[in-house]
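To start, the structure itself, in structure tokens.
These numbers come from a predicted model, not from an experiment. Indexing begins at 1, ligand by ligand and atom by atom, following the structure's order. All heavy atoms count here, side chains included; hydrogens, waters and symmetry mates do not.
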Amino acid sequence: MTQITPDGLTELINADDGPGKPLQLIARARGVPQAGQILIGVGACGVCRTDLHIIDGELPWPGHPVVPGHEVVGTVLEVGADVESFAPGERVGVPWLGWTCGECRYCQSGRENLCDRARFTGYQLDGGYADHLIADARYSFRLPSEYGDAEAAPLLCAGLIGYRALAMAGEAGRLGIYGFGAAAHIVAQVARYQGRTVYAFTRPGDAAAQAFALGLGASWAGDSTQAPPEPLDAALLFAPVGALVPQALRVTAKGGTVVCAGIHMSDIPAFPYGILWGERRIVSVANLTRQDALEFLALAPKVPVRTSVETFPLEQADEALARLRDGRINGAAVLVSGRTGARV
Ligand SMILES: [Zn+2]
Ligand SMILES: [Zn+2]
């Protein structure tokens, strides 16, 4: 259902209060930013696998209609009271972490990504599959000027979560990356910049993804069932496939780490203790901190990370999601609003 919206109303796509339903484009009154908030005219919004997990009902439904999208790039249109960090006309990015309590034991120990009461953009909070968005200024970020709106969008989740996952790999020199999509294509560039050797693992037979990985500096690319030329010091798993955990452990050297970077994964099959033995570790990565965002957004233009994006009009969000579900996106899918003034 598509409605033509008159000026001054927000167009947004809404999952209609329940998983498994097609998105709808609806009109809604444009809000007014309250104290601490900014009203953003959305120029671009990345499409992330987490959006699929929400829409497909693989994550708990939040109990209200969802406006997905947590890689939001736009322009500040209005600021609420007490906002001094942004002014109208500035470009801004809004990531997944939308609010934290500041009081719990996680918030108070530099781990706000684990906040017990955290609220997330495009899930509990309205997201960027829209032409306007109201966000908390404290969880919004300036973006490097080198990137257009669509190119900057994947930095905000694929880049940030990828960066946090890479940090979990410690000093690993021989890095395996499983699932060569939006996050992997950014992480591979950062890893090469840091002097690591990258081995890319894709769905069996996905020659296009393997060629893409080699083009980004991977030393080797193969099927996820194959062994790399040498054992890994760390493996980053971006594909939501639990069976990859024992597969990655089998090709990881003693003392190495398998990092599960997705918010959802199918069950991990039982495996013999022998492939974990030798101080191998399995860890997960959850969300991001604002410190991650500041660090990565400063690092990206130095690498320089180049994002490979495929753009879709906002109205074609379902098509973009379907192609992501089927593995038919190379790099990152990004919705563009066509809003006047967007930097594309
Ligand atoms: Zn907290
Ligand atoms: Zn995401």
Next on the checklist: Any side-chain to backbone donor/acceptor pair from Asp326 onto Arg323? Under 3.5 Å, distance only.
Outcome noted: no
Checklist entry - Are any side-chain N or O atoms of Gln226 and backbone N or O atoms of Asp223, one a donor and one an acceptor, separated by less than 3.5 Å? => result yes
Next on the checklist: Would Arg290 and Phe141 count as a cation-pi pair here, with the cationic atom under 6.0 angstrom from the ring centre and within 45° of the axis?
Outcome noted: no
Checklist entry - Could Arg142 and Phe86 be counted as a cation-pi pair, given that NZ or CZ must be under 6.0 Å from the ring centre and within 45° of the axis? => result yes
Checklist entry - Yes or no on salt bridge (Lys or Arg N to Asp or Glu O under 4.0 Å) for Arg196 and Asp233, after CA distance, side-chain angles and deciding distance? => result CA-CA 10 Å; Arg196 306 178 199 248; Asp233 298 314; over 6 Å; no
Next on the checklist: Using 30° and 60° as the class boundaries, would you call the ring planes of Phe201 and Tyr178 parallel, tilted or perpendicular?
Outcome noted: parallel
Item to check | Atoms of the protein (N/O/S only) found under 2.8 Å from the Zn ion (ligand 1) | outcome: Cys101 SG, Cys104 SG, Cys107 SG, Cys115 SG
